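Quick caveat, the model's predicted, so the values are computed rather than measured.
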Amino acid sequence: MSPDYDIASPGAGELFESLRAFGYDLPTALADVIDNSITAGARNVWIDLQWAGRDSRILVRDDGRGMAEDDLRQAMKPGSLSPLADRAANDLGRFGLGMKTASISQCRCLTVLSKTTRSAPALRRWDLDYIASTKTGEWRLLKRMDLLSAADHSLLEHQKSGTILFWDRLDALVGDVDHDDDVAQKHFRERADAVKQHLSMVFHRFLKGRNAINLHINGRKIEPWDPFLEDCDFTEPLVTENLACDGEQAEIKAFILPHHSRISAEQHSAAAGPKGWNAHQGFYIYRNRRLLVAGDWLGLGMQKEEHFKLARIRIDLANSADLLWQIDVKKSRARPPAALRQDLLRIARATRNRASSIYRHRGKVIQRQLSDKETFLWTHLMKHGKSFYRINRDHPLVRKVLATADDRAPVRALFNLIEQTIPAPLIVINNAEKPDTFGQPFEDSPAELRKAMEAVFHAMVEDGRDRAEAARALLLMEPFNNHPELVSAFLDEIARKVAAQKQ
């Protein structure tokens, strides 16, 4: 009697090709692999992107617990552990797919070499081209030790335990190109930089503090990127809230980042993150301290706008909340449960309102504190309901130029021409499309900043200002107020010169 069912085993080659289309890119694929290293207790992970044209390869090596023969065989099975199975609290995995799907999304040949403190090295390989060539549909997991060279094997010799992944035939990243293909090599290097930025963000909480791990890419240590600037005195943390849903806790903490006038140009540039200030506003979802979502308003009906860019909100989840928060295989997407949306919307609105207040009014606060009409070079005017910008004739340097000109008419005509031809529409378009590409005044030319500082200071002194009064005005004047250390150094130099003249 025949059974009332069929065995419908998927063909290995066909399913592997389908698994390659999960949507990984190189940075997210490597992050998924590093999850396994951290779960295995690694203190160091070394990533090497080796350019060699079509023979380029990527190696990921860690000093974690490693795997013995049976454990490695199980780990190489697609779906090696059910997503419904109980896991250790610090486990960064979920679907039993990450190492395999992430790897084969980038390469056609994945080899894993691993050893523990009590076992000899074990090797397994998935070779998609070999599987396709057999035309049997069988899941042939290769295991001969001579599949790797002696040099490859030697990489684990000086470690008591650990694992190495070898990615060969990088068709997604490199393809069939020659070693001397400059365009392909440049792209390869650029992707390495993208990997560095992504990993510094995703694992930033693992890369600092007690028991920090070390990530290295091509021999260089990766430094953490903290999206909340928690070490900055001018960051404003808001009250922490704990929200519960279906027995799962979510810890929510909002941060208002500093206005650019409160931090250095270097800090401001670094805090922008890999995608820029506007893109990184919103919620940051972490699972076991590992970043899943970096800057998103989570479908709450909110747009990313310039005046909300200082708002960043951290959500911490346990790894038991995966299904509730709809975390995907790539660990790059999450969606809040419906029961929490109103609370998250309330927190988001409060955070955005506070961020907008800081962003919009910081300049006005400074101006009110100065109570000085000469602080800014440009003044804003309204005429017949339209905005205009005018060069401030009371600015010390402008006043000096007008006072010393033999013929003021051409100077006034030039000022008027500049004011009337400000490319306001183009500025608005550029700011909307790429708001974080605008440079800060004098950010690449400290020498020119110094010259401008000297000119304004001497203009005020020549106009009858006391030096001390001129110094105070300079410290509060735009754009010098953004460079207090340079202003202080300049004023110290002036003071020394005055003291020397009196002797």
How about [X] and [Y]: do any of their side-chain heavy atoms sit closer than 4.5 Å?
X    : Y    : result
L291 : M201 : yes
P396 : D463 : no
F415 : R393 : yes
D246 : P337 : no
D316 : Q249 : no
H198 : L26  : no
V33  : I47  : no
I222 : F203 : no

Carboxylate-amine/guanidinium contact [X] [Y], below 4.0 Å:
X    : Y    : value
E306 : K309 : yes
R346 : D343 : yes
E230 : K208 : no

Working to the nearest 0.5 Å, report the span between [atom1] of [X] and [atom2] of [Y].
X    : Y    : atom1 : atom2 : value
R191 : K186 : CZ    : NZ    : 14.0 Å
I38  : I213 : CD1   : CD1   : 3.5 Å
R314 : I252 : CZ    : CD1   : 10.5 Å
I217 : L49  : CD1   : CG    : 5.0 Å
N319 : N288 : CG    : CG    : 4.5 Å
K275 : Q197 : NZ    : CD    : 10.5 Å

Would the distance check show the side chain of [X] and the main-chain N or O of [Y] forming a donor-acceptor pair, the cut-off being under 3.5 Å?
X    : Y    : value
R408 : L402 : yes
S103 : M99  : yes
E478 : L377 : no
N44  : D63  : no
K304 : G295 : yes
E248 : C245 : no
W297 : A348 : no
Q106 : L173 : no
D178 : D181 : no
R43  : A212 : yes

Looking only at heavy atoms, what is the nearest atom pair of [X] and [Y], with distance?
X    : Y    : answer
K221 : H216 : CA-ND1, 4.1 Å
L317 : A321 : CB-CB, 4.4 Å
D296 : G299 : OD1-N, 4.1 Å
F228 : T235 : O-CG2, 3.2 Å
A271 : R312 : O-NH2, 3.0 Å
D62  : A42  : CB-CB, 3.8 Å

Angle between ring planes, Y284 versus H280, binned at 30° and 60°: parallel, tilted or perpendicular?
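Correct class here is parallel.
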Classify the ring geometry of F490 against F457: parallel below 30°, tilted from 30° to 60°, perpendicular beyond 60°.
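F490 vs F457 ring planes: perpendicular.
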Looking at F206, does the NZ or CZ of R290 lie under 6.0 angstrom from its six-membered ring centre and within 45 degrees of the ring axis?
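No.
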Tell me, please, whether W325 has R287 positioned over its six-membered ring: NZ or CZ under 6.0 Å from the ring centre and within 45 degrees of its axis?
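Cation-pi check for R287 and W325: fails.
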So, applying side-chain contact (heavy atoms from CB on, under 4.5 Å) with I58, which one of V174, L170, V195 is it?
L170
Steps toward side chain to side chain contact (heavy atoms under 4.5 Å, CB included) verdict (L207, E223):
CA-CA 7 Å; L207 300 178; E223 298 297 331; over 6 Å; no
Take a 6.0 Å sphere around [atom1] of [X] and say whether it holds more than 12 heavy atoms from other residues, nucleotides or ligands.
X    : atom1 : value
D233 : CG    : no
K253 : NZ    : yes
R349 : CZ    : no
Q303 : CD    : no

Give the intermediate values and the outcome of side chain to side chain contact (heavy atoms under 4.5 Å, CB included) for residues T351 and F283.
CA-CA 11 Å; T351 306; F283 287 96; over 6 Å; no
From CA spacing to verdict: ring-ring contact (aromatic ring centres under 6.0 Å, His included), H204, W225
CA-CA 6 Å; H204 74 92; W225 179 73; 7.3 Å; no
Under the side chain to side chain contact (heavy atoms under 4.5 Å, CB included) rule, what do N278 and F308 come out as? Steps first, then yes or no, please.
CA-CA 8 Å; N278 263 21; F308 298 133; over 6 Å; no
Using side chain to side chain contact (heavy atoms under 4.5 Å, CB included), reason through E419 and W378 one step at a time and then give a plain yes or no.
CA-CA 10 Å; E419 292 165 344; W378 288 92; 4.2 Å; yes
Evaluation steps, side-chain hydrogen bond (donor to acceptor under 3.5 Å, both in side chains), between D25 and T28
CA-CA 6 Å; D25 62 7; T28 57; 2.7 Å; yes
Report the C-alpha separation of K451 and E448 in whole Å, then their side-chain angles, then the decisive distance to 0.1 Å, and conclude whether the salt bridge (charged side-chain N to carboxylate O under 4.0 Å, His left out) test is met.
CA-CA 5 Å; K451 290 179 183 178; E448 294 301 320; 3.6 Å; yes
